[in-house]
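Note sheet for the following structure.
If you're wondering where the values come from, they're calculated on a predicted model, not measured in any experiment.
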Protein chains: 2
Amino acid sequence: MGVTKTAAFTADQNELAAMAKALAHPARIAIIEYLIRVNACICGDLVEELPLAQATVSQHLRELKEAGLIRGNIEGVSVCYCLDAARWSELRDRMGAFFEQARQAGTTCC
Amino acid sequence: MGVTKTAAFTADQNELAAMAKALAHPARIAIIEYLIRVNACICGDLVEELPLAQATVSQHLRELKEAGLIRGNIEGVSVCYCLDAARWSELRDRMGAFFEQARQAGTTCC
DNA sequence: ATAATTCATCGTAATATTGCAATAAATAAA
DNA sequence: TTTATTTATTGCAATATTACGATGAATTAT
């Protein structure tokens, strides 16, 4: 039917998938990398930095904001964006735990 | 236009995004968690484990296989799946580096 | 050889994502 | 007030994803 059966999976599985989804586009990776580099910037900076139209950049920013990975503070006529440190730590921990789990499991295939 | 501008981003950005995309669905998270738990299993086990039809499970398995995260070995009439340890390590390292980068950056927002 | 089992693939429908032009909204500058 | 400036939102087109029934391909059992 073309819609994910969210209710059929655990909250943990859905949350981890949602976090991964927020990172599942090169533009959003680029936005985050840029934010890491400059610490904070306004939307216009990203429009210059990325090969995308302003509307498209704004859309990607909204997705990152909805995933809680970044925050946007209105400063006069512009909006200042930066990583949400707390949420970012959570993501790192969740992903880290996920990978650690796999590391400890045996990896001998059939 | 509804198509990601892959060529406009770096290989690194595209690869990281592709890895994240492979994890960006609860069913695929569930598949990987199950594989971690049982180490290896056949496709039929996953069909019983997941609330999805066989065709859908097979499709998710293909995506994970194409991302290189799992391997499938034909064993008679069934197919045995397991995590690809090497690729999994690579993913962990790439993600880890990404998060580490963010951790070292300042996090004071505007 | 025939039937059963297991999985992949095809075709299709429903929905989501990506991208942009155009426009709206909100603030600052003249 | 009028005009820029900056960003979000709307509307649309193109494409991708998700899901499943039906069918095909390969192997094993009878």
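With respect to E33(A) and R37(A), no salt bridge is recorded, no charged nitrogen being found less than 4.0 Å from a carboxylate O.
Connection of I32(A) to L16(B) is established within a shared hydrophobic cluster, with ILVMFWY side chains joined at heavy-atom distances below 4.5 Å, either directly or through further cluster members. Hydrophobic clustering (side-chain heavy atoms under 4.5 Å, transitive across Ile, Leu, Val, Met, Phe, Trp, Tyr) groups I70(B) together with L46(B).
Looking at which nucleotide of DNA chain C each of Q54(A) and H25(A) is closest to, the 5′-most match is held by H25(A). Nearest-nucleotide assignment on DNA chain D puts the 5′-proximal partner with C80(A), out of T6(A) and C80(A). Mapping K21(A) and S58(A) onto DNA chain D via the closest heavy atom, the residue that lands nearer the 5' end is S58(A).
Close to dA8(D), at under 4.0 Å from its OP1 or OP2, lies no side-chain N or O of R62(A).
Regarding L52(A), its CG atom lies at a distance of 15 Å from the P atom of dA8(D), rounded to whole Å.
Within 4.0 Å of I74(A), counting heavy atoms only, lies no atom of the nucleic acid at all. Q59(B) comes within 4.0 angstrom of a base, heavy atoms only. Using a 4.0 Å heavy-atom distance criterion, A53(A) is classed as a sugar-phosphate-only contact. The residue S78(B) sits close only to the backbone: its heavy atoms come under 4.0 Å of sugar-phosphate atoms, none of a base.
Taking the six-membered ring where tryptophan is involved, the planes of F9(B) and H25(A) are perpendicular, since the angle between them exceeds 60° and thus also 30°.
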